[in-house]
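Structure first, commentary second.
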2 protein chains.
Amino acid sequence: MSDRPTLRTVAAEAGVSHQTVSRVINGDPTVTEPIRDRVLSAMRALGYRPSAGARALASGRTEVVGVVLPHNPGFAFSNDHLIRLVQGADQELTTRGYGLLLSTREVPDDPASAYRRFVQRRQVDGLLVEAGAGGDSLRALRTADYPTVVIGYTAEDFTCVHPDDEGGAYAVAQHLLALGHRRIAVIDGPPESRLAMSARMRGLRRAFADARREVPTDLLEQGDFTAGSGYAAAERLLARADPPTAVFAFNDGMALGAQRRLRERGRDMPGEVSVAGFDDTEAADLVDPSLTSVSLHSVDVGRRAAQILLDLLDGRPPAQRENIMPSTLKVRASTAPPAAG
Amino acid sequence: MSDRPTLRTVAAEAGVSHQTVSRVINGDPTVTEPIRDRVLSAMRALGYRPSAGARALASGRTEVVGVVLPHNPGFAFSNDHLIRLVQGADQELTTRGYGLLLSTREVPDDPASAYRRFVQRRQVDGLLVEAGAGGDSLRALRTADYPTVVIGYTAEDFTCVHPDDEGGAYAVAQHLLALGHRRIAVIDGPPESRLAMSARMRGLRRAFADARREVPTDLLEQGDFTAGSGYAAAERLLARADPPTAVFAFNDGMALGAQRRLRERGRDMPGEVSVAGFDDTEAADLVDPSLTSVSLHSVDVGRRAAQILLDLLDGRPPAQRENIMPSTLKVRASTAPPAAG
DNA sequence: CTGAAAGCGCTTACAG
DNA sequence: CTGAAAGCGCTTACAG
């Protein structure tokens, strides 16, 4: 194999200086048309490929963004959300010429953590961090002083992008109230997702308030996003003296677990009990009855986060710190009016 | 902000040459203990962070691996498999000090493709390519002359790693035959996944041959991995004069679609009809009856692929071109002996 | 075991 | 509008 051509090889071939070749590559408008053409054909003829490392060293910018995902092997129900976030971010980054360096760790003191890899080695120009299970690690990234956009909720002072959890929960509650349900149970998510869960709870309360109804506080159950916790919560709800006619689980996994228990207990769905979930995972459309849920448009969230970060890198700071993307209620077969009586 | 410390700053602080600092960073064993300690504390005191770009330029290695995933927004059923592959690869790469540059495109003539990004810009030392929907694009990566490991099947002459599809299908067929099923229908996958599907078909045939039974060729249906195609295939199977007592769909999505149609048609599962899937997606455990399926251990596949690539980069070529990772039959509630008679 | 020299392949001012 | 100079921050031989 012969050596790879460099800027100077191309310059020699085109009969110009290597700076001119650099200008052509970087789209400098001051290069004249004929010169540009000559350089471009020389590049093509030689199969020239710029060295990202040399560019990064000389320019101080890597044109790569780090994406940090939570490292939760058991966090199965969010896998679909995660991959769609990445897909959306990748679309935007690629379009704008940036690379996406991925890490599934966010624990800052783990020697193999993203923090160390991206920040310590200066491999990236900025960071996209999925808030995931822990906001604690965000504080560490803080000190790194890198342009950062958080995907999800954070109590820290970072620019963030997240779905409209409040609006989504409002829509579900409004839907159930409009169907005639009053005894609506809620299966809450785990404390690690407190900020998102509070937003959903706010939406729920607002829907009840707008309907001039009281939230039935005796029907609140705690879950942890697993199907098992939804199953257990359903069991406890069935044991109530005055059981719910509708169950709103704060994610699809718990909703599916609740459905399973209700089915085992012989409850007709949605005839006797309606069930709604959140996140609109693939399974929602596959189970029977198919599950009413809230779509978070994760691809759009990821794309928007990347957009905001790249604008920031280009010197255009975001208008707001908190950026909320619309979510959509998907009504399916698992919700219907309560049985008369 | 003060300027970032460089090798020379650290060298001055520690009272050594910058080469010695470089040696400490790269773990050169010839550096004496006291010198190493002095350098390390100087690095810590100054908050030194090496520049990945400068390293890459000087050493010719980026210590980053490109991971190319198929860009299929509709390819929903493999999302879980994909994210687990990436997770496994990331674990291995991180452990060995490599970064993971991700792209969800593999179309080589797309101006925003992975091919262009990774290869043209020399941002990576090697490539991990998920064979996904198209083996065609692999041919283009070929010309790039990068160390490449394919995840999945390929007709090209690349080192590859894939799950034991043949063994998994063998296990399912053997399980159904052992339960007493003879009329076993198969819902095949789409032509894009031809190589994996052929492997599954081989496993199926081998199980029948080992049991001295004939494969009921009249019960072969074509699907395309969507739940809809499984639903339609089930419909056609129900219309047979001699319908199957068991349905083996070559992915979980089609199996769930088939389950839905069978349920709608009032067939008891698994009483009247057993159903098995493939891939062991999250939904398999959530539906009712829970779905017998084949787990592909995607995390292990991704980890192994990264291992092979990194070994290759270290000058240790793989022992075999084709590397097969074990898959596991997960028996759940959807399969049972056929109704007597 | 450690230092002085050279260079990796670009970009960024600065002249002209 | 284009070229000559300098330097980005490392690593890799090569001496000693």
Side-chain angles (χ1 to χ4, degrees), chain A residues 2-40 42-43 46-64 97 99 119-125, chain B residues 1-40 42-43 46-64 97 99 119-125 313:
Chain A
S2 66
D3 281 335
R4 294 233 132 102
T6 70
L7 264 195
R8 309 189 118 90
T9 327
V10 176
E13 173 84 9
V16 298
S17 73
H18 69 275
Q19 291 90 334
T20 299
V21 178
S22 172
R23 286 189 190 99
V24 170
I25 289 167
N26 293 301
D28 188 325
T30 66
V31 181
T32 53
E33 198 64 29
I35 298 252
R36 154 166 280 115
D37 288 347
R38 233 164 60 216
V39 170
L40 286 174
M43 281 173 52
L46 293 167
Y48 171 73
R49 299 164 191 178
S51 151
R55 289 191 87 179
L57 178 56
S59 71
R61 283 171 298 109
T62 63
E63 300 200 303
V64 170
V119 176
Q120 299 276 55
R121 294 167 69 170
R122 298 199 247 157
Q123 288 190 119
V124 300
D125 292 338
Chain B
M1 288 300 127
S2 66
D3 282 334
R4 293 234 132 102
T6 71
L7 265 195
R8 310 189 119 89
T9 328
V10 176
E13 174 83 10
V16 298
S17 74
H18 69 274
Q19 291 90 332
T20 299
V21 179
S22 173
R23 286 190 190 98
V24 171
I25 289 167
N26 293 300
D28 188 324
T30 65
V31 181
T32 54
E33 198 64 29
I35 297 254
R36 154 166 279 115
D37 289 346
R38 233 165 59 216
V39 170
L40 285 175
M43 280 174 51
L46 294 167
Y48 171 72
R49 299 165 192 177
S51 151
R55 288 191 87 178
L57 177 57
S59 71
R61 284 171 300 108
T62 62
E63 299 200 304
V64 170
V119 176
Q120 299 275 56
R121 293 167 68 170
R122 298 200 247 156
Q123 288 189 121
V124 300
D125 293 339
L313 293 177

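Computed over heavy atoms, backbone and side chain alike; hydrogens, waters and symmetry mates excluded. For clarity, every value in this text was computed on a predicted model and none was experimentally measured. We name chains A, B, ... by the order of the sequence lines, and we start the count at 1 in each one.
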Side-chain contact, heavy-atom cut-off 4.5 Å: A:D37 with A:P34?
-> no
Return yes if the base of C:dG3 and the side-chain atoms of B:R23 contain a donor-acceptor N/O pair under 3.5 Å, otherwise no.
-> yes
Taking all non-hydrogen atoms of both residues into account, name the closest pair between B:Q123 and A:V64 and its distance.
-> OE1-CG2, 3.6 Å
For the pair made of CG in A:L57 and C1' in C:dT11, what is the distance, rounded to whole Å?
-> 9 Å
State the pairing partner of C:dA4; accept Watson-Crick or G-U wobble contacts with both distances under 3.5 Å, and report none otherwise.
-> none
Is a donor-acceptor pair below 3.5 Å formed from side chain A:H18 to base C:dT11, judging by atom type as modelled?
-> yes
When B:I35 and B:A54 are each assigned the nearest nucleotide of DNA chain C, the 5'-most assignment goes to B:I35
Candidates C:dT2, D:dC10, C:dC10 - which lies nearest the side chain of B:R8 = D:dC10
Indicate whether OP1 or OP2 belonging to D:dC8 is found under 4.0 Å from a side-chain N or O atom of B:T6.
-> no
Here the distance between atom P of D:dC10 and atom CZ of B:R55, to the nearest Å, is 9 Å
Does A:T20 put a side-chain nitrogen or oxygen below 4.0 Å from OP1 or OP2 of D:dC1?
-> no
Just compare C:dT2, C:dT11, C:dA5 and give me whichever is closest to any side-chain atom of B:T32.
-> C:dT2
Should A:V24 and A:R38 be marked as a side chain to side chain contact (heavy atoms under 4.5 Å, CB included) after you check the CA-CA gap, both sets of side-chain angles, and the distance that decides it?
-> CA-CA 10 Å; A:V24 170; A:R38 233 164 60 216; over 6 Å; no
Closest heavy-atom contact between A:I25 and A:M43?
-> CG1-SD, 4.1 Å
Of the candidates C:dG9, C:dT12, D:dG3, the side chain of A:R61 sits closest to C:dT12
Calculate the interatomic distance between B:E63 atom CD and C:dC8 atom P; express it in whole Å.
-> 20 Å
Taking any strand in view, what nucleotide pairs with C:dA13 in a Watson-Crick or G-U wobble way, both distances under 3.5 Å?
-> none
Gap separating the CG atom of A:L57 from the OG atom of A:S51, nearest 0.5 angstrom | 9.0 Å
Over how many whole Å does the gap from A:I25 atom CD1 to C:dT12 atom P extend?
-> 12 Å
Within less than 4.0 Å of OP1 or OP2 of D:dC10, is there a side-chain N or O belonging to B:S22?
-> no
For atom CD of A:E33 and atom P of D:dC1, their distance in whole Å = 12 Å
Starting at CG of A:N26 and ending at C1' of C:dT12, how long is that distance when rounded to a whole Å?
-> 11 Å
Among D:dC10, D:dT2, D:dG3, which nucleotide sits nearest the side chain of A:T30?
-> D:dT2
Counting side-chain heavy atoms from C-beta on, which of D:dA4, D:dG3, C:dA4 comes nearest to B:Q19?
-> C:dA4
Could you state the CG-P distance from B:D28 to D:dT12, rounded to the nearest angstrom?
-> 10 Å
Given atom CG of B:L7 and atom C1' of C:dG3, what is their separation to the nearest angstrom?
-> 14 Å
Test item: B:R55 and B:N26 side chains (from C-beta on) under 4.5 Å apart, heavy atoms = yes
Using a cut-off of strictly less than 4.0 Å, decide whether A:S59 has a side-chain nitrogen or oxygen near OP1 or OP2 of D:dC8.
-> no
